[in-house]
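Heads up: the structure comes next, in structure tokens.
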Amino acid sequence: MAIAVFFVAAAIAVAGAIGVVTFRQPIRSVLSLVVVMIGLSILFLLLSAQFLFVAQIIVYAGAVMVLFLFVIALLGPAREIARSRLRFQTWLSALFVLALLGLIWAMLQGIQYRTPDKADLSIFGTVQSIGIGLFTTYLYPFELTSILLLVAAIGAIYLSRKKVDDL
Amino acid sequence: MSNSQLALLVLLFPAAGAILLAGRGWRLPRIVTQIVGPGVVWASFIGTLALFFGKVHGDYTYWTWIKSGTFEVPFNLLVDNLSIFMCLVITGVGGLIVTYSIGYMEHEDGPSYARFFTYMDVFIFSMLLLVLAGNFVFLIVGWAMVGLSSYLLIGFWYQRRSAVLAARKAFIMNTIGDVGMILGAFVLFVSYHAVTYFGVFQAAADLKRCPPGLVCILPLVHVQDSPTLELAAFLLLVGAVAKSAQLPLHTWLPDAMEGPTPVSALIHAATMVTAGVYLVGRMHPIFDIATYAHNAVAIVGAVTALFAATIAIVQTDIKRVLAYSTMSQIGYMFLAVGIGAYAAGFFHLLAHAFFKALLFLAAGNIIHAMHDEQDMRKFGGLFRQLPRTSWAFLIGSLSLVGLIPLVGYFSKEQILGAAFSKPDDPLAQAVWVVGAITALLTGFYTGRMWWMAFGGKPSPERPVLVPHEARSVMLIPVLILAGLTVVGGFIQTRALGFGPSAVSDFLVSPLGKMDWEGGWIDVAVGLITTALAALLFLAAYRFYVERSWKTWSASYPWAQRLLERKYYFDEIYDAAFVRPLDGLANSGLRDIEQPILDGAVVGTGRLAMASSSSLSLTQSGYFRSYVLVFVGGAVVAAVLLLIRAAS
Amino acid sequence: MSGLDIGGSQLDASWFLLLSAILFTIGTVGVLIRRNPLVILICIELMLNAVNLTLITFSRQLLNLEGQLFALMSITVAAAEAVVGLAILVDIFRVRDVEDIDELSELKG
């Protein structure tokens with residue numbers, strides 16, 4: 001049963017990804033990304049990451065993607081002109097990307113998985129354990145990340161303020 | 001005040017004067033310069049007198065300048081009778097000359113006036129450092145600074161091209177000597193690992209260090225001569241030859257007359273040019289052992305004496321006659337120290353300081369009166385018009401000729417007598433002959449000089465028909481020096497075979513006993529030589545006042561030209577050294593400096609610009625190209641990782 | 001060792017990793033090919049998500065919570081980065097109407 005769930009979710013994710021890359025209109029790309037995220041959330045749940053499953057949907061799909069939608073609404077539809085200025089871009093990209101994929105696959109073949117640590121699966125990935133981790137061992141990164149968000153917010157406000165000419 | 005402090009003060013007074021005048025002198029009223037300039041020199045003189053009467057004798061170390069392993073250089077002053085003697089000459093005669101310059105330089109404007117006295121004080125300080133230094137390093141420092149002061153003072157009127165060239169020539173030739181001297185000091189340091197005089201002498205000449213208050217007699221005989229010592233002595237001799245304008249490094253001295261007359265008097269008669277004699281005297285423990293170098297000193301001195309005297313015969317500029325005369329007289333001093341008669345050499349140094357300074361200052365008075373005319377052919381008949389200067393000049397001239405009872409007789413005869421009195425020393429006999437001939441020539445050219453300037457009728461080309469005597473500040477030093485010339489001889493009348501010998505007695509402790517007493521035959525020979533010289537002095541009257549020399553020079557034009565061109569030394573040096581070096585320098589500029597060195601520097605710049613402009617082509621500005629390169633890099637990294645993992 | 005016991009069935013960690021690689025590659029393709037700046041930003045988000053999947057996979061395989069915590073941080077940083085990136089884009093769009101990212105090529109030379 002879990003296997004089936006895996007393949008369904010994987011298919012959803014891949015389909016969404018292809019959609020992101022291929023749709024002409026940006027708004028369709030955004031919505032495709034939301035689909036990808038939902039697929040990934042299911043996979044997270046499969047991998048005992050309950051908290052992240054929820055966090056992904058609420059924060060990522062819910063907030064960040066909405067932000068993207070707002071911006072697209074603000075900026076209006078975009079048209080991509082037909083002729084690209086960089087002539088070899090497409091061919092070289094295809095080449096490099098295929099090479100990259102092949103290499104990653106080769107690397108995956110050679111992974112040596114080490115024995116897992118001892119952990120209790122019933123509380124693994126729960127809100128409690130994540131909370132304990134965040135507020136004790138990883139308090140410092142947690143606080144820094146908060147500051148990072150603050151900085152980003154301030155930066156965004158500053159960058160998008162209305163510019164008055166004779167200031 | 002302790003003796004060491006006193007010695008240091010003697011040295012530092014002129015330095016303080018120089019600093020004050022350099023910093024503030026040109027802003028303060030002229031009277032300040034007039035008091036400070038000579039004043040500090042007189043202060044040093046008083047200090048030296050205190051050292052003299054206090055019979056001070058000591059090697060005072062004030063601080064250690066360098067200490068690096070076995071190389072240790074202290075700042076020490078050696079106060080012994082020789083250095084006190086030299087300091088008396090420097091500060092005494094120097095004081096008179098600097099005082100004289102108050103008047104001579106009065107036409108200079110404010111800053112220039114102060115500048116002159118600054119340089120003079122710097123010179124006095126340097127010279128005192130040279131004679132008081134107790135080790136080779138500070139000797140070299142003083143030596144070099146004296147050369148610098150000479151350069152600054154010769155080129156004092158720097159707007160004059162001839163003065164600048166003369167200063168440069170003097171400095172370059174002095175530097176050649178400096179190199180020799182420094183190399184000599186190096187040889188001594190390498191051999192004996194010491195830099196102080198006592199350190200070196202102890203090691204080289206087995207001289208025992210003399211405790212203060214005792215008289216040291218120096219054991220000279222039982223140390224073997226060595227090539228090292230000879231080499232060091234010859235190198236030191238090079239330095240002495242350059243500084244004292246002896247052959248072959250003499251060509252700068254006549255040109256140095258471009259400087260103001262007090263400069264010529266002080267530096268190029270009384271003090272700087274005598275530094276070479278001081279050097280040989282101070283280094284006598286070495287020269288006493290290094291026989292070849294010692295003989296070379298005497299030979300150089302004798303040859304130069306004769307050589308310079310011949311050239312003096314044809315000079316028309318009064319200062320140049322005196323310059324060649326100086327060269328000749330210093331040759332006598334070298335002759336004396338070269339045959340071991342050190343005290344005689346120094347006595348002549350003292351005497352020469354008196355009468356040569358006298359002659360220069362009196363000549364300065366004449367030049368001043370003649371509105372800066374120096375050509376003797378345009379003088380004539382000054383005796384009646386400038387009586388006091390004429391008498392002073394006459395006294396100086398007769399002393400130069402060596403007439404009894406002036407000081408010049410006693411000192412010159414001391415030297416010639418010392419040479420004559422060694423019948424079994426061929427070198428001494430040979431230099432006596434040369435010295436005697438030179439004495440006769442000295443009589444002749446001095447007479448010529450005097451008659452041309454003072455005798456006969458005024459020349460039709462005279463710039464000033466009624467000259468007037470100099471002011472007191474310029475006349476009094478002249479008169480004082482004239483007085484010293486008259487009475488100075490009586491402190492050492494040994495040349496007559498009897499009487500006091502104050503100078504050689506005073507110099508026994510540093511220089512050893514002078515072993516000539518003057519038998520009657522030596523005295524007789526001396527008197528005869530002097531008489532002949534005096535006759536030639538008078539003979540010059542016939543030649544020059546009656547203008548009969550024209551026929552003589554017409555019959556031997558080649559001789560006239562040879563002497564006028566100073567035996568073509570300047571031309572030879574120009575062709576042999578100056579032109580090739582000039583060519584080398586120019587080719588260096590053209591062929592090495594510009595293409596290679598400049599090219600390398602400019603080329604580096606061009607290379608940087610070219611490479612950066614070609615590299616900047618990768619910055620196309622296209623985001624997607626950058627990402628592509630990024631991904632390409634990731635591919636390469638992945639490949640490398642896999643290779644590493646596989647191996 | 002790569003096997004994961006999930007809900008009774010045996011899954012393999014390498015499947016998740018391969019999926020992640022595929023998603024990442026698709027995202028890269030998008031960044032390279034698309035010329036709309038907004039779409040490029042979206043593709044970058046896709047790449048970030050793929051990496052998160054890798055992190056969580058290993059976290060589950062090693063049974064070490066650090067992977068999940070890292071992924072959480074990654075989400076946060078991605079959010080911050082998206083915010084600032086969009087703000088910059090909005091700023092640029094105010095000045096000129098950019099259709100093609102190749103138009104923004106003044107920083108060259």
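Here is how names work: the chains are called A, B, and so on, in the same order as the sequence lines, proteins then strands, and each is numbered from 1.
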Contacting moiety of [X], where chain C heavy atoms sit under 4.5 Å:
| X | answer |
| --- | --- |
| A/Leu40 | side chain |
| A/Ile130 | both |
| A/Leu108 | side chain |
| A/Arg161 | backbone |
| A/Leu74 | side chain |
| A/Val36 | side chain |
| A/Met37 | side chain |
| A/Phe51 | side chain |
| A/Thr22 | backbone |
| A/Val30 | both |

Closest-packed option against chain A by number of heavy-atom pairs under 4.5 Å, given [options]:
| options | value |
| --- | --- |
| C/Thr76, C/Leu86, C/Thr28, C/Leu38 | C/Leu86 |
| C/Thr57, C/Leu18, C/Leu53, C/Val84 | C/Leu53 |
| C/Leu89, C/Ile75, C/Val90 | C/Ile75 |
| C/Gln61, C/Glu66, C/Gln10 | C/Gln61 |

[X] side chain to [Y] main-chain N or O, any donor-acceptor pair under 3.5 Å?
| X | Y | result |
| --- | --- | --- |
| C/Ser20 | C/Ala50 | yes |
| A/Arg28 | A/Gly19 | no |
| C/Gln68 | C/Arg60 | no |
| C/Ser74 | C/Phe70 | no |
| A/Thr145 | A/Pro141 | yes |

- Item | Heavy-atom closest contact (A/Ile123 atom, A/Ser129 atom, distance) | O-OG, 3.0 Å
Please rank [options] by heavy-atom pairs under 4.5 Å with chain C and give me the top one.
| options | result |
| --- | --- |
| A/Val21, A/Leu159, A/Leu47 | A/Leu47 |
| A/Val64, A/Ile111, A/Leu33, A/Asp120 | A/Leu33 |
| A/Ile18, A/Val5, A/Leu101 | A/Leu101 |
| A/Phe70, A/Tyr158, A/Trp105, A/Phe23 | A/Phe23 |
| A/Thr115, A/Asp117, A/Leu148 | A/Asp117 |
| A/Leu52, A/Val71, A/Val20, A/Leu43 | A/Leu52 |

- What class does the angle between the rings of C/Trp15 and A/Phe6 fall in, given that below 30° is parallel, 30 to 60° is tilted and above 60° is perpendicular?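 Tilted, since the angle between the ring planes falls between 30° and 60°.
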Would you call [X] and [Y] a side-chain contact if the rule is heavy atoms closer than 4.5 Å?
| X | Y | result |
| --- | --- | --- |
| A/Pro26 | A/Phe68 | no |
| C/Leu11 | C/Phe16 | yes |
| A/Leu100 | A/Phe96 | no |

What part of [X] is in contact with chain A, defined as an atom under 4.5 angstrom from a non-hydrogen atom: side chain, backbone, both or neither?
| X | value |
| --- | --- |
| C/Glu81 | neither |
| C/Leu72 | both |
| C/Leu23 | side chain |

- Query: Is it true that atom CD of A/Gln109 has more than 12 heavy atoms of other residues, nucleotides or ligands lying nearer than 6.0 Å?
  - Reply: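 Counting other residues, nucleotides and ligands, CD of A/Gln109 exceeds 12 neighbours.
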- Message: Run the ring pair (Phe, Tyr, Trp, His ring centres under 6.0 Å) test against C/Phe24 and tell me which residues pass, sequence neighbours left out.
- Response: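 Result, ring pair (Phe, Tyr, Trp, His ring centres under 6.0 Å) vs C/Phe24: none returned.
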- With no hydrogens and no angle check, do the side chains of C/Asn49 and A/Gln56 hold a donor and an acceptor under 3.5 Å apart?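 Yes, a side-chain donor-acceptor pair sits under 3.5 Å.
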